[in-house]
Engineer: 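Here you go, one structure.
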Amino acid sequence: MQPRILIVYTGGTIGMTEDLSTGALVPFSFDHLMKNVPKIGRLGFNLDHVEMNPPIDSSNMNPACWARIASVIADRYEDFDGFVVLHGTDTMAYTASALSFMLPGLAKPVVLTGSQLPIGEIREDGTENLITALQIAAARTEAGAPMVQEVAISFGRHLWRGNRATKVSSTNFGAFQSFNYPPLADMDLHIVFRERLLARPAAGGTLAPALSMDDAVSVVFLYPGITEAVLRPQLESKAVKAVVLRTFGAGNAPTESWFTELITDTVRAGKVVVNVTQCPAGGVEEKRYATGDALARSGVVSGYDMTCEAALTKLMHLFGQGLTAAEVAAAVARPLAGEMTV
């Protein structure tokens, strides 16, 4: 039986073409994409597609777009064996993280991919990325179950867990990396899966889409010399329910009295503050240094080794489910979709 794969085309470089009047890349159509990759027909898959109308540059991605993508997958879940989401690279890690939380109970592959150069150019990476993503979405275990049963990013030579990946290069064909979780598969002459690292949903579970996302979340990047005048408006904003605090090293921050008092007051005001390191590798170790321990005493929640993308979208998801700040603070410290190591 032919694998049934649904391609969800959102836009991005993989489907772009050059505007001859300006030289800029602009979104084109799915038909243009397929005409430039005739090898797809040789896979022997049963393919269908859904297009975001109009296609968008991924810089314009937002929670409403995530809900549209998740809705398409949920609505067509029983009709297909796997899903490939074509997406721009700039915000792909955010979308992959968001979908991992919005699709609890997922037991089929949702594979995001894109390209650094548009399909149709003489030297480009989109053709290989698209074909590989389709093969991953169709892959099965020896028992016949989907090999991948989670949201993942397939790009270049590796398959990454979606909520563990981050974009690390604007020019390299290997644009993504996961510093705190190994690749789920390596793509060279063959696609070699690391089955022990792949997520496996609980037996008997069903897909239970959670499409609501609350965007009242902010990211604050600490830096040497940050002042109270700069930081206070960000933390006291009435439009913000939660903050991802990008700290130094193993989760450290200034220990000046104005800073610790401001953080304490922010938590007491009912806002959730999550500590995520600025370092690409490693995570928060609150007890390692006194500066990190001070944040914990102020009520800041450890983000352990979560990426900023995962922490941000996880908070949006939790508040989107109508949880209180206390419930969100408790839930954000627990793994929901393999996004953290506790």
Engineer: Would you say Asn62's side chain and Cys65's backbone share a donor-acceptor pair under 3.5 angstrom?
Structural biologist: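 The answer is yes, because a donor-acceptor pair under 3.5 Å joins these two groups.
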
Engineer: Are Phe248 and Phe221 connected into the same hydrophobic cluster when the rule is that any two of I, L, V, M, F, W, Y join if their side-chain heavy atoms are below 4.5 Å apart?
Structural biologist: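 Phe221 does not cluster with Phe248.
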
Engineer: So if you build clusters from Ile, Leu, Val, Met, Phe, Trp, Tyr with side-chain heavy-atom gaps below 4.5 Å, do Leu117 and Met187 land together?
Structural biologist: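 As far as the 4.5 Å side-chain criterion goes, Met187 and Leu117 are not connected within one cluster.
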
Engineer: Quick check: closest heavy atoms across Ala253 and Phe259, and the distance to 0.1 Å?
Structural biologist: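 Smallest heavy-atom distance, with atoms named: CB-CE2, 3.6 Å.
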
Engineer: Is there a path of hydrophobic side-chain contacts, each under 4.5 Å between heavy atoms of I/L/V/M/F/W/Y residues, joining Val284 to Leu336?
Structural biologist: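 No, it is not one cluster - the side chains of Leu336 and Val284 are not joined through contacts under 4.5 Å.
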
Engineer: Okay, side chain of Thr141, backbone of Met147: is any donor-acceptor separation there less than 3.5 Å?
Structural biologist: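 The answer is no, because no donor-acceptor pair under 3.5 Å joins these two groups.
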
Engineer: Within the side chain of Asn129, is there an N or O that forms a donor-acceptor pair under 3.5 Å with the backbone of Gly114?
Structural biologist: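 Indeed, once roles are kept as given, a pair shorter than 3.5 Å links the two residues.
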
Engineer: Side-chain contact, heavy-atom cut-off 4.5 Å: Glu150 with Pro109?
Structural biologist: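 They are not in side-chain contact.
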
Engineer: Quick one about Ser100 and Arg164 (side-chain donor to acceptor, distance below 3.5 Å, no hydrogens or angles considered), yes or no?
Structural biologist: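 No.
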
Engineer: Run the salt bridge (Lys or Arg N to Asp or Glu O under 4.0 Å) test on Lys108 and Asp81 for me, step by step, so that the C-alpha distance in whole Å, both residues' side-chain angles and the decisive distance to 0.1 Å come before the verdict.
Structural biologist: CA-CA 7 Å; Lys108 294 182 179 182; Asp81 301 309; 5.4 Å; no

Engineer: Under 3.5 Å, which donor-acceptor pairs do the side chains of residues 71-79 form with other protein atoms, sequence neighbours left out?
Structural biologist:
residue : atom : partner : partner atom : Å
Ser71   : OG   : Ala67   : O            : 2.8
Arg76   : NH2  : Asp48   : OD2          : 3.3
Tyr77   : OH   : Ala107  : N            : 2.9

Engineer: Is it true that Val168 and Trp160 fall in one hydrophobic cluster, defined by side-chain heavy atoms closer than 4.5 Å?
Structural biologist: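 No, no single cluster joins them.
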
Engineer: Which pair of non-hydrogen atoms, one from Thr113 and one from Leu130, has the smallest distance, and what is that distance?
Structural biologist: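 Of all heavy-atom pairs spanning Thr113 and Leu130, the closest is CG2-CA, 4.3 Å.
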
Engineer: Side-chain contact, heavy-atom cut-off 4.5 Å: Thr91 with Glu309?
Structural biologist: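 Contact flag for Thr91/Glu309 side chains = no.
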
Engineer: Could you tell me which non-hydrogen atom of Thr89 sits nearest to which non-hydrogen atom of Lys167, and how far apart they are?
Structural biologist: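 Where Thr89 meets Lys167 most closely, the heavy atoms are OG1-NZ, 2.8 Å.
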
Engineer: When you measure from the side chain of Asn163 to the backbone of Ala96, do you find a donor-acceptor pair of N or O atoms at a distance under 3.5 Å?
Structural biologist: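 No; zero donor-acceptor contacts below 3.5 Å.
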
Engineer: Would you say Met316 and Val332 are hydrophobically clustered, going by side-chain heavy atoms of ILVMFWY under 4.5 Å?
Structural biologist: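 Same hydrophobic cluster.
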
Engineer: Looking only at side chains, do Glu124 and Thr127 share a donor and an acceptor under 3.5 Å apart?
Structural biologist: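 Distance-only check passes for Glu124 and Thr127.
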
